[in-house]
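Scope of the values below: all heavy atoms of this structure, side chains included, with no hydrogens, waters or symmetry mates. Each chain gets a letter, A, B and so on, in the order the sequences are listed, and its residues count up from 1.
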Amino acid sequence: MASNPKLAWLKGPARASSSSARPTSRAASKPGTPGPGNRPANLNGKPGTPSAYHNAIKDPSGRMVEYSNKDDKCPVCTTDRYLNPKLRLLVSPCYHKMCESCIDRLFTLGPAPCPICGKILRKSGFVAQTFEDLDVEKEVSVRRRIAREFNKKVEDFPDRKSYDDYLEEVEDITFNLINGIDIPQTEARIAAFRAANAALIEANIQRDTAAAAEQAAAEEEDRRFRTEQARMAAREEEEERAERERERRAVIDGLERGEDAEGVLRRTRAEAERRARRAQEVAAQQQRERESALTAFARPGARKEVVPDEPHIAYLDELLTGAELYTLKLAYDDPVSEAVRPEMRARWAVGGFRQAESWQRAVSCAVMGLGMGTVDDSAMEVDVGA
Amino acid sequence: MKFNIDGLPIVFPYDRIYPEQYSYMCDLKKTLDAQGHGVLEMPSGTGKTVSLLSLIVSYQQHSAHPRKLIYCSRTVPEIEKALSELQRLIKYRISQAETPEERTKEESFMGLGLTSRKNLCLHPDVSKEKKGKVVDARCRDLTNSAVCEKGRANPGSVPLCDWHEKLGEKEPGNLIPPGVYTLAEVLQYGRDEGVCPYFTIRRMMPFVDVIIYSFHYLLDPKVAEQVSKEFSKDAIVVFDEAHNIDNVCLESLSIDLTRPMLDSAARSVVKLTEKIEEIKETDASKLQDEYAKLVEGLQEANNDVPDEDAFSANPVLPDDLLKEAVPGNIRKAEHFVAFLKRFVEYLKTRMRVLHVVAETPLSFLQHLKDITYIERRPLRFCAERLQSLVRTLELSKIDEHSALQKVASFATLVATYEKGFLLILEPFETETATVPNPIFHFTCLDPSLAIKPVFERFSSVVITSGTISPLDMYPKMLQFTPVIQESYPMTLTRNCFLPLVITRGSDQVAVSSRFEVRNDPAVVRNFGSILVEYSKIVPDGIVAFFPSYLYMESIVAAWNDMGILNEVWKNKLIFVETPDANETSIALENYRRVCAPALRGVCLAHGMQACNNGRGAVMLSVARGKVSEGIDFDHNYGRAVIMFGVPYQYTQSRILRARLEYLRDAYRIRESEFLAFDAMRTAAQCVGRVLRGKTDWGLMVFADKRYARADKRAKLPRWMNQYITETASNLSTDMAIVLSKLFMRQISQNPNENQTGISLWTLEHIERRQAAEREAAEQMQVDDRGSFEPVNDAVPTLDDDDEFAASWDKFRDDELVDVPM
């Protein structure tokens, strides 16, 4: 392709990497010479890559690449990868493949018939191949068209069943278009649908765009949060390491200054203990925070100060529990205990906690004084906890 | 032996009981009473299984509404072992029954084990198949309901399985007389009666009291749906040997796809299309029927699917989703097949990328929708819909479509879960590879997802193993709240194992498998000299563990150059574990042959080369390999185990990195914390292989400088940690050898002391202990009277360990003095 083949070979890789000059060089290239260097650029599917073939499936994230195979062969000029290592096959709107040089040769001067099926094609109609199976390629392009119009959501229907029926109808239409069954009839159905739902379609398009933007934002937020977390964890670890290092240095420094080794050791141990305690506290704090977040209702700030717990016995002579004054029900309406999570309840049960006992205690506390008065109310039956 | 725990009569099939077994039973009972979950760690070889079974069976037989026991173990031999343990227990219970009613109650007790079709098949052709998948598929071809119907209506028209047919003649619910059967016995029963053992067990499952099977039947959502759905909520679930349960959970929800799989899936799609065309011409009503059913809703379509037909269940679908109807756009068979084709093509396209991609399921779904217009909802129903289609088409040889099934369950999983999963595409196998061999990993990062349904469904789940320290890690990772979390010490009359930490060689150079120094010649030489020295003094077998295959290979090569292997050869034969399972099992077999004293003579008579030696052998193996899991080196098979280095995981793996990141973000478990935990549990698992009972003895050598650190050692199980003395925690090789020699000299003395009362209890001891407990409890109550503090702090904690440690200490001192030299 160049006048000096040796030089061209030497220059090859350098030219392949310089993609900036590519569009102009291809425009200037004579028919029959493949545009050099565009394949690697398009392989990456980079966004914003200027390409003559803009109809290809757009994937700005770089998670897909153009299809290519080592056995590729252009059906028009029968060039294969052996003859032209940079062979790139593109797909026409009639789903026939041909190489770039053939496209340049045939379609640079304007619309021309497809060499395989005779349909009139333009150069701009060619797209890069994404899927290995051309049927899928075709299917996807049909779906792209359908999706633009049949974009009703489940909210637009009275119930799921009618939504499912709608989905099936759309699928039927798509299927017919793909396989070329009853094309005119199908087109008529599409037109009718479009006419009937024009406003809704427009609204849904807007809704879709909004939803996509929202999701992108959420993802971005999530990523930011994760990086932040990672950074914080790293910093925490770094701090801890620094602290340990400092302590070690302190020990060495202390020994260097000729301090008493026992004393240094004791100090270090105390320090380490303090640190461990603090770490534990922090962990406990976090645990508490999480638990209080889990528990729906706020707990009272009990146990602010620890009162020395001396055994206290109220009645030394005779313990009147008032058991004869009431009959304990099987269950009470007790919102406080019901709010306790079941697994915590199970944990208490291991410790010997019985729900009935607490009720009994509460009830007996309530009635305990009743029999003590001067009024003879011992016969009174108390109805507790209606 | 019979005794009571809090009013529950326990029948224990032995005359004596270990103290730790007693405490284990007490805690287990509390867990069951409270209907909560528990984490229990008990030293290996102290009769965990028997105490568990004996308590739970007593519990079941005592209560008016027996709760079913679901006992999950890891391997088939372990299942078989548990079954024979249960059998012995029931036999003992029958012999101990006092009244005839009790006797009949015991005799009607049923216990069965379940394993795959491959292990249970009796069909002459099918059972010869080597692969489990093929056996499953061929079995289904012979037993699914459509085939059966055809075969019964018109005998001889289609091949049927006689064993399965015979089963239909029996009364359902009474396929096998009551009792406890091991797997081998069920097989024998099937042979005698001419019925299919696999389906006998499957159909009897609602009627049994105890079912023993593998973890996967409960954890893997694809299997659990079929096998374990009928169990009631109050069933007791036990996971034995559960130290790896988090990995099992992750595996059960992860799927890897490769190029060849996608190609095969694409071929399956083509076959399905052809089949649909064919059916349309011959029997269009079938597809119409299916379509009509699907319009009605999925639940109805799948109603009353017999066991035989469920060819691959679906990954978990939430219940509300199951009630939903299949989306309209995949209702028709041809639409669904086109849908599958599109999805497979899309995945193929993704596989062509030559750089690593990591993305969340949500971003994957968005991309998929942008490119191929596949929505999330139909994707979710993919597995379900495929199953229905396969059933309608009456496909045979389903194993050929296994790749497509995998793709379908991939689709369902990716559309079902948003959090806790990551998709990773790795185009190259290794960093240096140039030929792409892409793998699309769909990895679960959150072990609690797979086990969540189990915790939600069953009121009591017990996780137990010999080595699950540190205990609080498991509730954190699996997201549950245990009511009891306990680790038991080992009571011994004499030290039967000696843990040693070697931190430096005889030349005082520190040894470590840290990446920077692991290939340092001094370290390699010192590791070698540890092996040489121990091969000189230890009789019979030695097992050595390395952190990885790669490191083992490099070190063995270096040892060969240094002549260390020649030194070892003078004393012992050397066997090496390889990644190849067959090769390893041959190595293990020969290793056992060399170490078995009874066989030595036989081998000599047969002139076997490997056994002429008779001095024992060294097995070089890898932590996390086949040898480190599930293979016991009891008694003379392993008298010493040497752990070279700390078995950290390969931290550059992308999947591990993602998992660590997730643990940090979701559960605030630090990377270093998790890695250290994982390394130490692996190390404990490895060294635990050597001690399989109280009569066994062995040396445990930890050769790495990092084991000397207290934070590392704290992560070892309590029963191991208990015996690491201060003197033995920072040794050089020569000092360790001296200690080992001393230990072996002591252990080889006749143990003429009586273990009864210390590490073995009779009924009398139990009663004495219970009386002491009661007393302590009363004491506590007296102390407590009048105070209105919550009661849960006041429960007497049994300070058995102190008591026994004290008596044990006394004994050890005596022993040291009295040993006749």
Inset, instruction - Check whether any side-chain N or O of B:Arg342 sits under 3.5 Å from a backbone N or O of B:Thr372 as a donor-acceptor pair, and report yes or no. - result: yes
Inset, instruction - Measure distances from B:Glu375 to the heavy atoms of chain A and classify the residue's part below 4.5 Å as side chain, backbone, both or neither. - result: neither
Legend entry - Results of ring-ring contact (aromatic ring centres under 6.0 Å, His included) for A:Phe157 - residues two or more places apart only: A:Tyr163, A:Tyr166
Inset, instruction - Below 4.5 Å from any heavy atom of chain A, which atoms of B:Ile484 appear? Answer side chain, backbone, both or neither. - result: side chain
Inset, instruction - Output yes when B:Arg267 and B:Asp263 qualify as a salt bridge under the 4.0 Å nitrogen-oxygen rule, no when they do not. - result: no
Legend entry - Per-residue contact mode, B:Phe343 against chain A (heavy atom under 4.5 angstrom): neither
Inset, instruction - Answer with side chain, backbone, both or neither: which region of B:Tyr346 has an atom nearer than 4.5 Å to a non-hydrogen atom of chain A? - result: both
Inset, instruction - Pick one of side chain, backbone, both or neither for B:Val353, based on which atoms fall under 4.5 Å of a heavy atom in chain A. - result: both
Inset, instruction - Decide whether A:Tyr67 and B:Glu345 meet the rule of one side-chain donor and one side-chain acceptor closer than 3.5 Å. - result: no
Legend entry - Cation-aromatic face contact B:Arg385/B:Phe336, 6.0 Å, 45 degrees: yes
Legend entry - Under 4.5 Å from a heavy atom of chain A, the part of B:Ser459 involved: neither
Inset, instruction - Quick one: list whatever passes side chain to side chain donor-acceptor pair (under 3.5 Å) with B:Thr31, sequence neighbours left out. - result: none
Inset, instruction - Go through the atoms of A:Arg160 and report whether side chain, backbone, both or neither lie under 4.5 Å from a heavy atom of chain B. - result: side chain
Inset, instruction - Give the C-alpha distance, both sets of side-chain angles, the deciding distance and a yes or no for side chain to side chain donor-acceptor pair (under 3.5 Å) between A:Gln285 and A:Glu281. - result: CA-CA 6 Å; A:Gln285 177 67 30; A:Glu281 267 165 27; over 6 Å; no
Inset, instruction - Specify which of A:Asp164, A:Val136, A:Thr174 makes the most heavy-atom pairs with chain B at under 4.5 Å. - result: A:Asp164
Legend entry - chain A contact via B:Lys332 - which portion, at a heavy-atom distance below 4.5 Å: side chain
Legend entry - Interchain contact, B:Arg350 with chain A, by part (heavy-atom threshold 4.5 Å): both
Legend entry - Per-residue contact mode, A:Glu169 against chain B (heavy atom under 4.5 angstrom): neither
Legend entry - Under 4.5 Å from any heavy atom of chain A - which part of B:Asp33: neither
Legend entry - Structural part of B:Glu661 lying under 4.5 Å from a heavy atom of chain A: side chain
